[in-house]
Amino acid sequence: MFVHDVPKAKTTAAVPVLPHVGLVRWHRSLIDTKALGETGASPVSNLPAREEMLAGFANLSLESHNISLTGQSSVAVEKNITLERPSIVELTCLFTTSGDPSSVRVTWRKGDELLEGDDPVSTAGGALWARYRFTIINSQQMGSYSCFFQDETEQRGTFNFKVPELHGKNKPLVTYVGDSTVLICKCQGCFPLNWTWYSSNGSAQVPLAGQTSGKYVINGTHANETRLKITQLSEEDQGAYRCRALFHLGASEDRVELVVLSYLVPLKPFLAIAAEALLLVAVILLCEMYTQKKKERPDDGKEFEQIEQLKSDDSNGIENNVPRYRKTESVGQ
Amino acid sequence: MTPKPARTPDGGWGWVVAAAAFVVNGLSYGLLRSLGLALPDIAEHFDRASQDTAWVSSLALAVQQAASPVGSALSTRWGARPVVMTGGLLTSLGFVFSAFAGSLLHLYLGLGVLAGSGWALAFAPALGTLSRYFSRRRVLAVGLALTGNGASSLLLAPALQLLLDTFGWRGALLLLGAITLHLAPCGALLRPLELPGDPSVPPSGPLAALGLGLFTRRAFSVFALGTALVGGGYFVPYVHLAPHALDLGLGGYRAALVVAAAAVADAGARLVCGWLADQGWVPLPRLLAVSGALTGLALLAVGLVPGVGREEGWGGSLLAAAGAYGLSAGSYAPLVFGVLPGLVGIAGVVQATGLVMMLMSLGGLLGPPLSGFLRDETGDFTASFVACGSLVLSGSLVYLGLPGALPSCSPASPPATPPPESGELLPVPQVALLSPGGPHSTLDTTC
């Protein structure tokens with residue numbers, strides 16, 4: 001068997017690039033197609049032989065996850081697991097009880113379906129280990145798996161399997177008419193099989209392909225991100241755009257909101273603020289000219305008086321020692 | 001026909017000029033600091049790395065400081081008022097042009113060159129004019145004006161974020177063009193002031209207008225060397241304090257607290273030191289050397305502070321070191337401008353201001369890249385901050401060569417320099433001589 005038995009660790013086995021469709025076909029060729037998606041146990045998980053064949057083919061990694069239940073907590077114990085590629089999964093529930101371990105009934109369920117299995121339940125002291133081993137190949141095997149311990153009360157531990165989520169910016173992207181923009185979707189540490197972009201007009205979702213007109217160009221430099229470049233923006237391009245990342249085991253989506261404004265929108269506040277600044281300049285300069293004129297007018301009056309005084313003093317001669325000076329006023333007040 | 005006043009106003013309209021300089025500082029340095037908020041959106045739009053967009057603000061800062069002598073030269077020829085108003089118009093045009101940018105090159109030209117030149121025309125003349133309006137309370141007034149960029153960061157940064165969310169980066173730049181147009185009313189408030197000692201003829205040619213002749217004075221040359229050295233280390237925390245805090249293991253919010261502590265200490269120190277310097281207890285050059293030395297020591301402390309684990313430590317030692325840096329750097333800033341009239345006389349203050357800005361730009365261009373290079377070589381910022389601290393300390397040592405920085409032990413020595421308001425080498429008419437024992441006298445007769 002290829003898979004290394006390393007507990008609680010993911011083996012770093014490379015998954016060869018299989019087309020998603022091809023894998024499903026391979027899967028179906030092994031088992032009864034009726035069993036897929038129906039109630040009842042997934043037959044693959046109960047047949048080690050098939051497991052080995054699949055594992056040998058696809059180099060599946062091993063995922064081990066544990067939950068400990070003490071028997072006292074009333075809160076349901078849950079564990080969220082992000083799974084990107086098909087794996088062999090081993091779930092272990094550890095139940096400690098004060099009573100007799102052999103009287104505890106152990107069941108496994110996926111959602112509400114009861115899962116059959118002959119996985120061992122081992123006991124040591126006052127503790128019970130229940131193990132469930134299965135393979136996740138496609139999206140139908142994703143979901144919530146729970147172990148139930150029936151003692152005096154029922155204790156439950158749940159493992160939630162999800163595909164990686166996309167986390168994008170929650171802020172809308174603001175652009176202008178005639179401009180071009182790039183919408184980016186990124187997946188942290190995960191590598192989707194492919195990406196698709198949709199634009200939602202109202203309730204309809206229209207997939208966007210890289211059209212020959214060149215308005216929409218989709219490319220991405222790395223496998224974990226995608227870029228949608230839209231050129232020649234117009235106001236109809238406004239709205240929500242969705243990017244969809246497809247994995248072996250499902251898909252996840254993210255949305256980006258695009259806002260397209262016309263240049264008139266910021267132009268009005270711009271003109272208002274600029275006009276206010278120029279008005280301030282005019283007011284300041286006018287005020288200054290006004291106060292200057294006020295100062296010069298009394299000066300003119302005094303000068304006139306002094307000239308009159310000189311004319312009257314001229315006859316005296318000697319007493320004409322009145323110093324003629326203008327009142328010096330500081331400019332600053 | 002404005003009559004020649006016998007004394008500097010030291011108040012009155014001077015406070016209006018201080019308010020105008022406050023706004024000029026806010027709309028230039030403060031806006032430049034907040035501009036970093038728009039850069040990530042711009043980088044994403046043009047699909048460039050953040051290092052490329054960081055050049056936009058570096059270029060604007062470099063142009064603003066290096067071209068400052070041009071601003072002061074023009075204002076000695078035509079007066080500060082028209083030059084500052086033109087600067088405001090130029091900056092506004094730069095922002096409007098960059099709002100329609102089709103590539104990063106347009107942003108370099110619009111924001112970096114145009115807006116930077118506009119700021120260069122606005123800042124030095126405004127600050128120089130402010131120095132001329134005050135004598136006894138000059139350093140306080142300058143300190144008050146220099147708190148403008150701190151206040152602007154508090155107000156403009158959230159406002160800019162709001163603009164970015166509502167109008168996108170293009171609309172935000174367009175509206176910033178309208179906001180920076182308010183530099184023009186600030187320029188309009190700079191009423192021309194004639195003081196005794198002003199040259200009666202405007203300078204003959206562009207070189208004379210630049211005031212390069214000031215370098216022939218020994219005191220100013222000493223000051224220039226010291227300032228260029230200090231400039232090499234002074235601006236590094238602007239760029240590298242936050243990354244240093246993050247490197248030491250503080251979380252995002254703790255690092256932001258460190259930066260905020262430095263900024264608040266800086267702003268407060270500008271006011272307090274301004275008030276303190278005006279009391280005249282200590283000669284200004286000595287205060288300058290002391291604050292420079294304290295800044296250097298604080299930078300060393302910031303670099304040598306031990307790292308903390310991400311969970312337990314709240315970075316108390318780094319917080320204290322950053323606060324100390326803020327206090328000392330804040331004390332240094334108004335002194336750099338406040339000491340100029342004592343060195344070059346009130347008539348040459350505007351030109352000297354422009355030259356000082358250019359000197360600091362030399363350091364500002366070399367310091368942060370050197371610091372970044374050291375960090376890349378050694379793995380953390382310790383070497384960077386130690387290097388910056390050493391540069392600042394050596395600059396402060398140079399400042400000790402300024403007249404009055406060291407206490408002289410000869411009480412009967414004749415005054416080394418005449419009172420600052422009349423200038424060093426210009427003839428001092430008797431009527432214009434203000435009180436000889438003024439608070440800014442560079443004499444020190446105590447031992």
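Each chain gets a letter, A, B and so on, in the order the sequences are listed, and its residues count up from 1. Since this is a predicted model, take the numbers as computed values, not measurements.
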What's the separation between atom CG in A/Leu173 and atom NE2 in B/His45, rounded to the nearest 0.5 Å?
8.5 Å
Distance in Å, A/Glu288 CD paired with B/Arg81 CZ, rounded so as to fall on 0.5 Å steps
4.0 Å
Can you give me the closest heavy-atom contact between B/Pro185 and A/Ile284, atom names plus distance?
O-CD1, 3.5 Å
Closest heavy-atom pair and its distance - B/Gly177, A/Phe270:
C-CE1, 4.2 Å
Going by heavy atoms in the side chains, are B/His182 and A/Ile273 under 4.5 Å from each other?
yes
So for B/Val17, is it side chain, backbone, both, or neither that comes closer than 4.5 Å to the heavy atoms of chain A?
neither
Looking only at B/Gly168, B/Ala178, B/Ser92, most heavy-atom pairs under 4.5 Å shared with chain A are made by B/Ala178
Among B/Leu189, B/Asp41, B/Leu183, which residue forms the greatest number of heavy-atom pairs with chain A at distances under 4.5 Å?
B/Leu189
Considering only heavy atoms, which portion of A/Tyr176 lies under 4.5 Å from any heavy atom of chain B: side chain, backbone, both, or neither?
side chain
Option in B/Val16, B/Asp47, B/Leu181 with maximal non-hydrogen atom pairs under 4.5 Å from chain A:
B/Leu181
Heavy-atom contact with chain A under 4.5 Å, split by part of B/Thr166:
backbone
For A/Leu271, which atoms come within 4.5 Å of any heavy atom of chain B: side chain, backbone, both, or neither?
neither
What is the distance from atom NZ of A/Lys268 to atom CG of B/Leu175, rounded to the nearest 0.5 Å?
12.5 Å
